Structures are given as C-alpha cells and as structure tokens.
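A short worksheet on the structure shown next.
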Amino acid sequence: MRNVLIAAILVFGAAALTAQVTVSHAIALHGEPKYGPDFTHFDYVNPDAPKGGTLRYHSIGTFDSFNRYAQRGDTPAGSETIYDSLMVSSDDEIDSLYPLIAEKIEYPADYSYVIFTINPAARFQDGRPIRAKDVVFTVQKFLEEGVEFIQTYIPGTTGKVIDELTVRFDIPDGDREKIMYIASFPILPPQYWENRDFSEPTTDVPLGSGAYTISDYNMGQYVVYKRIEDYWALDLPVNRGRLNFDFIRYDYYRDENVALEAFKAGEYDFYLESIAKNWATLHSGPNYDQGYIIKEEVPHEIPANMQAFVFNTRRPFFSDRRVRQALNLALDFQWMNTNLFYGQYTRTRSYFQNTEYEAKGIPSAEELEILEPIRDKIPEEVFTEEYNPPVTDGSGNIRPQIREALKILKEAGWEIREVAAPEKSLEDQEGDSYKEEDTEEPGFLGKIWRGIKSFFSAIFSWILGLFGGDSAGGVRRLVNVETGEPMEFELINYSPSTERVIIPLQQNLERMGITLNIRTIDPTQYLNRLRDRDFDMISQGFAANAIPGSGLLLRWHSDYIDSTYNQAGVKDDAVDYLLEGIVDNQNDLDALLYWGRALDRVLTWNHYVIPQWHLSKFRISYWNKFSRPDTRPKYALGIDTWWIDTEKAATLPDRFQQE
C-alpha cells in the first residue's frame with residue numbers, strides 16, 4: 001500500500017509539473033520580461049518619430065550572394081532586415097522576446113514543447129498571409145538544409161500545425177534558451193524557397209517576411225534596402241518608433257582608410273570607429289570644425305566580447321596548453337595601449353567580462369564543489385590563482401616574459417637552436433647595423449681591434465640569440481626537440497588596418513625564435529577558411545555572454561566541434577561537464593552563478609586565446625542630419641531609433657542634404 005501511495009504521488013506530481021504551462025505575450029531567459037502585455041512601445045524610442053529619407057552606411061570587402069543562411073558565399077551587410085522572426089528582442093534588457101509574427105507563446109515548466117499563436121495580420125512581402133504551416137516549413141528547412149550546428153543544437157525538434165494560426169514544436173532535450181532560439185528563426189516564404197536549395201548562395205533578390213527588401217544593388221559594390229510601403233507590422237509595439245528610414249544603403253570599400261576619407265567627404269552618413277589611432281588622429285577637419293559632422297563617445301553597459309587572437313587547438317603545436325600559455329606572454333598590452341591605442345582600452349580577462357559571471361579571486365566554496373570532480377582534468381591554477389593576462393611595465397622590454405615563456409616551452413619539448421640563416425639580399429646587406437665604413441686594409445693594431453670587436457660581437461649575438469636574434473652562424477629559432485621542426489605558423493586576417501596591432505605580437509614572437517606569418521586575404525576567402533577551420537590563428541573572438549546558457553554549447557562543447565562558433569576547436573571533457581551543468585541549472589540562478597564562474601576559470605586558464613582588449617563606449621561620427629530619442633537603450637547604440645531631422649539637414653551644404 002505504501003509503495004502504491006508513493007507511486008501515486010509521483011504520478012500526480014509529474015502531472016502537476018506538466019500542468020504548469022505558461023501562456024504569455026513574451027518570454028525572458030531569466031526572470032520576468034520588462035514590458036507587460038499592454039505595452040505600446042519600448043521606453044527608448046520616440047513613438048511619433050517621423051519616417052522618411054535614406055540612412056547611408058559603409059561596409060568593407062564585397063558580397064556575392066543574397067542568401068545569408070547559405071553554407072557558402074558572402075552576403076551584404078543589412079540582409080537580416082529582409083526577414084522577420086516570430087518574436088523580437090528589446091535593447092534595454094538581456095534576453096527577452098516580444099511579439100512580432102507570433103502574438104502569443106505557450107510552454108510547460110520542463111520546456112519540452114512550445115506553442116506559438118500567429119498574428120492574423122502577419123504577411124509576407126508579396127501580401128500572402130503567414131500561417132502556422134509556413135513556420136513549420138521554415139524550421140524544417142533550416143534543419144534539413146541549414147548550417148550543421150542548427151541540426152546539432154535542436155536535434156529531433158519536430159513541428160506540427162494545430163490549426164491555421166497555431167503551431168507546436170516538440171523539443172526532446174528542451175530548455176528555455178532553445179525555445180527562444182526557435183522564436184528567433186527568420187520566417188521564410190515557402191512560395192519562394194520550397195523549390196530552392198536553402199544551403200546554396202543566390203544572386204536573386206529573395207522574397208522575405210521583414211520590413212525591408214532589396215531595391216537596388218551592384219553586386220559587390222553597393223546594396224539599397226527599401227522599406228515595404230504597406231509593411232503590416234509597422235505599428236506593432238515592438239516596431240513603433242523604429243524602422244524610420246525609407247531606404248538604407250551600404251556602399252562597399254576595400255580599405256578602411258579610404259572608407260573613412262569617403263565618410264568625411266560626405267559619401268555616407270555614419271561611422272562607428274573601431275581603431276583607437278584613427279579616433280585620436282583622423283576624425284577631424286573642416287566638416288567637423290563647422291559642425292557638419294558630430295564626433296561623439298557614447299558610454300554603454302554591454303558585456304564585452306572576448307576579442308582575441310584565437311588558437312586553432314586542432315593544430316598539433318597548439319594542442320599543448322603550455323605552448324598556448326607561453327605565447328600569451330608575447331603580447332605586451334601595456335606598451336600597445338600607450339603607443340598604439342592612446343590609452344583608450346582595457347585588457348579583457350574574462351569570457352563574461354562586465355557581468356556578475358566574471359570569475360574573480362580564488363574559487364568560492366560553491367565553485368569548489370563544482371570543480372572538484374574534474375580536478376585532475378583542469379589546470380591546477382584554477383584552484384590557486386585569479387586569472388589575469390600578463391602585465392608588463394609598458395616600456396617595451398619584455399625580457400622577463402620571454403625568459404618565462406622559453407622555460408615553459410622547454411618543458412613542452414621546444415628549445416632554441418641555431419638554424420641556417422636565410423641568404424641575405426644586397427639590400428639586406430646594405431642595411432646591416434654593423435658594417436665597416438673604411439674599406440682599406442687595416443694595420444696590425446686595426447686587426448687586433450677588429451678581432452676584439454668580433455669576439456664581443458659574437459658574445460652579444462649569442463645573448464641576443466637567446467631571445468630570437470641572429471647569431472654569427474645563423475639564426476636562432478625555437479624548434480621541436482623530437483622533430484627538429486621550427487615553430488612557424490600563420491595568422492589569417494581580412495583587414496589591412498588590423499596588421500598594425502598584429503605586428504608587435506609578431507616581433508615579440510620573433511624574439512622568442514618563433515615565426516608568425518601574417519596573411520591578409522579577402523573577406524570571402526577568410527569566411528570560407530574560418531568555416532573549414534583552415535587556419536592556425538585568427539584575430540576574432542567570442543561574442544559576449546551576458547548570461548551563461550545552452551548557446552555556449554555551440555562555442556565550446558565536444559558535440560559541436562564542427563561548429564563555426566567553436567573557433568578554437570575545443571574538445572575537452574572537463575569543459576563539456578561544466579557546460580552541461582550550466583544547461584541543467586538554467587532555472588536556478590544561484591547555482592548558475594557558480595557554474596558560470598567555474599566555466600570562466602577553466603576556459604581562461606586553458607589559454608585557448610590570447611585576450612585582446614575592450615572599450616565600454618561607442619566612438620561614433622555622423623553627419624548632423626539626425627535626431628534621436630532622449631533615452632538610449634542600455635545595451636545598444638539604438639541607431640534604428642534615429643530619424644532624419646529636416647531642419648538639421650537644411651543647414652548642411654547642398655550636396656550633402658538628405659533627399
């Protein structure tokens with residue numbers, strides 16, 4: 001009888017859990033959405049903002065396809081505006097979604113399924129109604145022909161039409177983040193895509209579901225988006241005060257410096273600066289002086305990306321943590337910040353930078369409980385030290401760091417050896433620092449003096465050789481003790497303007513006897529090599545993590561080793577364990593805090609990247625033809641809430657005024 005009673009309690013308890021179904025206008029990853037069901041617009045917009053005019057941007061590189069979800073090809077900037085999703089996020093809170101195509105969402109406490117109710121007014125760009133079957137078609141298309149990580153992130157997800165306006169998705173290993181992921185899918189029109197291969201690029205302008213369509217373009221040179229005149233959702237609460245421009249144009253440039261000069265001449269309207277030197281030295285001139293161009297720094301509270309030099313740990317010499325640790329010592333941030341960045345940046349030290357999940361100090365008792373089961377699989381420093389990137393005195397003298405790096409590399413099976421020096425060209429010979437200006441045959445004392453100089457020069461060269469310099473018999477290089485192969489690798493890059501921040505790293509590695517080759521390639525080739533993980537190192541990084549969630553699986557978990565997001569190619573049981581703990585504790589914010597910090601410690605101490613730097617402000621210049629709301633969104637610049645101010649535009653030179 002007692003066993004029957006227990007069984008009954010368990011059955012009724014499970015039924016009660018299943019019965020806990022949330023029906024809402026919105027969903028938040030954690031906590032409650034900021035805006036209630038009766039909200040009329042976001043707080044950071046002007047709901048009465050005027051519509052009209054053209055916003056002109058620039059982009060670097062080129063494009064050759066209009067299918068942004070293809071598995072190859074390079075699509076133009078702004079192509080995300082072609083499609084709408086079921087729900088859309090706000091910019092003054094983290095991870096909350098509100099109604100767009102779907103007007104209602106329903107899900108159980110275990111997140112094993114989600115039901116969306118479609119807004120009856122929803123339309124594709126050709127006027128055809130958006131219905132439940134179109135949503136099922138979209139998700140199925142992504143699962144069958146989309147990039148591989150989608151299939152691995154929501155495997156076994158199935159869609160079912162309940163009625164014309166109601167669709168259900170069952171998620172076998174569901175969690176709230178996966179529900180939000182499905183809610184964010186761009187909805188595809190079957191009338192365009194059902195007979196096309198979604199995985200392939202296209203040069204046809206696709207039919208969409210969003211506010212904008214492509215109205216004009218020259219492939220690889222410019223693209224113009226036009227707002228749909230009868231766009232059905234323009235007055236929805238999520239869109240009021242947004243989508244204020246009739247046209248959005250992107251002009252393409254091959255070089256960032258040329259692009260900046262074009263901006264200053266009035267070829268386009270807005271410039272977001274990412275290069276400290278340019279901000280300090282180039283954003284000036286007559287148009288700035290006369291107030292035609294506004295230069296502004298806008299502080300923000302956005303969690304910082306882990307921008308970094310990323311090791312491809314699938315490469316044999318980067319699979320050793322000690323090698324990665326040693327190479328981290330070659331980046332002299334303090335010198336670079338003073339001499340290259342005008343003191344504008346802060347060194348990044350966490351994958352959760354500027355959030356409460358950033359690991360500081362030594363692990364707490366709660367973290368230790370999480371970390372103990374994997375103690376033998378993670379660096380010992382996780383338990384004993386706070387992670388911080390190496391710090392120098394900023395003078396450019398990094399000999400202490402080089403000595404430490406060479407010691408670590410020796411333990412990893414690498415040592416400095418003399419190898420044959422490359423044959424010098426006549427140009428190189430003429431540029432030698434030590435050469436005799438007197439070509440006459442020296443006398444007896446001259447020969448003695450030359451011998452003394454030669455002796456001390458050899459000693460000096462030998463000392464320099466310890467730090468990667470030349471020796472009398474050749475070049476001293478770091479080589480693998482077993483194979484004799486020197487350490488030489490390539491960093492691929494697509495922007496010539498970033499080479500100036502790579503060169504100091506290259507020079508310091510050279511002092512360690514390591515050869516870093518910098519190869520600048522076009523953006524399309526770069527994207528293809530990134531997708532194929534055909535690189536040794538890249539200057540890229542990982543998007544900010546405001547809150548740890550299942551999306552981290554795509555970046556770090558072994559099951560997603562082929563994901564483009566897993567740039568470092570990490571496949572590690574300890575990391576998997578921590579990620580799975582994060583997924584399992586999504587509904588326990590207290591526990592999630594410690595799981596997130598534990599993951600941060602393990603990732604940073606494994607040295608998968610050489611962290612770069614961040615800036616908690618936007619550096620922007622723009623032609624003085626815009627107005628914007630008094631309130632700016634907390635987590636975005638909010639340029640999509642700006643509008644053309646005709647009075648301001650009228651004060652600009654005639655050729656710069658907005659039509």
Side-chain angles (χ1 to χ4, degrees), residues 308-313 315-336 347 349 362 375-419 458-489 491 502 504-517 536-537 568 572 601-612:
F309 297 111
V310 182
F311 297 105
N312 178 4
T313 63
R315 293 288 198 254
F317 45 82
F318 288 153
S319 64
D320 191 324
R321 170 184 171 268
R322 294 169 297 182
V323 171
R324 304 193 300 266
Q325 178 185 6
L327 268 57
N328 261 270
L329 291 162
L331 183 66
D332 188 351
F333 168 74
Q334 283 67 36
W335 181 90
M336 295 174 71
R347 188 79 188 270
R349 60 171 302 277
I362 60 174
R375 178 181 279 271
D376 61 337
K377 298 180 180 179
I378 59 179
E380 182 59 30
E381 295 96 323
V382 168
F383 297 92
T384 59
E385 300 178 43
E386 176 185 83
Y387 171 80
N388 282 293
V391 176
T392 70
D393 62 9
S395 68
N397 175 21
I398 65 163
R399 289 187 178 182
Q401 286 77 21
I402 292 177
R403 284 194 291 269
E404 183 180 353
L406 292 177
K407 179 180 178 182
I408 296 170
L409 288 165
K410 186 173 183 179
E411 294 171 356
W414 298 81
E415 67 180 15
I416 292 288
R417 289 181 184 173
E418 186 176 295
V419 300
I459 296 295
F460 182 67
S461 295
W462 177 79
I463 294 172
L464 285 179
L466 294 177
F467 305 108
D470 292 339
S471 70
V475 180
R476 299 182 68 81
R477 289 288 179 248
L478 186 75
V479 301
N480 186 282
V481 173
E482 292 186 2
T483 67
E485 290 295 316
M487 183 177 289
E488 180 173 353
F489 60 93
L491 188 153
I502 303 173
L505 174 66
Q506 180 190 48
Q507 292 173 337
N508 286 339
L509 288 171
E510 178 68 19
R511 296 171 67 187
M512 295 180 183
I514 300 169
T515 300
L516 166 60
N517 299 310
D536 300 326
M537 176 182 278
D572 185 280
R601 295 182 192 281
V602 171
L603 293 180
T604 51
W605 278 113
N606 267 308
H607 303 290
Y608 295 125
V609 304
I610 301 177
Q612 294 180 5

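Not measured: the values here are computed from a predicted model.
In this structure, R477 contributes its side chain and I514 its backbone to no donor-acceptor pair below 3.5 Å. In this structure, the side chain of N328 engages the main chain of V609 through a donor-acceptor pair within 3.5 Å.
With sequence neighbours excluded, the residues forming a side-chain contact (heavy atoms from CB on, under 4.5 Å) with E385 are E381, W605, listed by chain and number. Every residue meeting the side-chain contact (heavy atoms from CB on, under 4.5 Å) condition with P504, not counting sequence neighbours, appears here in chain and number order: W335, M336, L340. Every residue was checked against the ring-ring contact (aromatic ring centres under 6.0 Å, His included) condition with F317, not counting sequence neighbours, and none meets it. Partners of A330 by side-chain contact (heavy atoms from CB on, under 4.5 Å), not counting sequence neighbours, listed by chain and number: L505, N508, L509, M512. For D320, the side chain to side chain donor-acceptor pair (under 3.5 Å) partners are R322, not counting sequence neighbours. Applying the salt bridge (charged side-chain N to carboxylate O under 4.0 Å, His left out) criterion to D572, with sequence neighbours excluded, gives no partner residue. Q507 pairs by the side-chain contact (heavy atoms from CB on, under 4.5 Å) definition with I503, not counting sequence neighbours. Scanning for side chain to side chain donor-acceptor pair (under 3.5 Å) contacts around Q325 gives an empty result, with sequence neighbours left out. Under the side chain to side chain donor-acceptor pair (under 3.5 Å) criterion, E488 pairs with N517, not counting sequence neighbours. Partners of R349 according to the side chain to side chain donor-acceptor pair (under 3.5 Å) rule, which considers only residues two or more places apart in sequence or in another chain, are E358, N388. Judged as a ring-ring contact (aromatic ring centres under 6.0 Å, His included), and not counting sequence neighbours, the contacts of Y608 are W556. Applying the salt bridge (charged side-chain N to carboxylate O under 4.0 Å, His left out) test to E415 and every residue at least two apart in sequence or in another chain returns R417.
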- Would L409 and V323 count as a side chain to side chain contact (heavy atoms under 4.5 Å, CB included) if you check the C-alpha gap in whole Å, the side-chain angles of each, and the deciding distance to 0.1 Å? CA-CA 6 Å; L409 288 165; V323 171; 4.2 Å; yes
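Within the 4.5 Å cutoff, the side chain of I502 has heavy atoms near those of the F309 side chain. Using a 4.5 Å heavy-atom threshold, the side chains of V391 and Q334 count as touching. Side-chain atoms of L327 and F311, non-hydrogen and from C-beta on, do get closer than 4.5 Å to each other.
Rounded to the nearest 0.5 Å, atoms CZ (R324) and CZ (F318) are 9.5 Å apart.
Across E485 and W414, no two heavy atoms sit closer than the pair O-CZ3, 3.6 Å. Contact between V479 and P486 at its shortest, heavy atoms only, is CG1-CA, 3.8 Å. When every heavy atom of P611 is checked against every heavy atom of L331, the shortest pair comes out as O-CD2, 3.4 Å. Nearest heavy-atom pair across L329 and I398 is O-CD1, 4.4 Å. Nearest heavy atoms, I362 versus T384: CG2-O, 3.7 Å.
Salt-bridge formation is not detected for the pair E404/R399: no Lys NZ or Arg NE/NH1/NH2 atom is positioned less than 4.0 Å from an Asp or Glu carboxylate oxygen.
Checked options R601, R375, R321; the residue passing with E380 is R375 (criterion: salt bridge (charged side-chain N to carboxylate O under 4.0 Å, His left out)).
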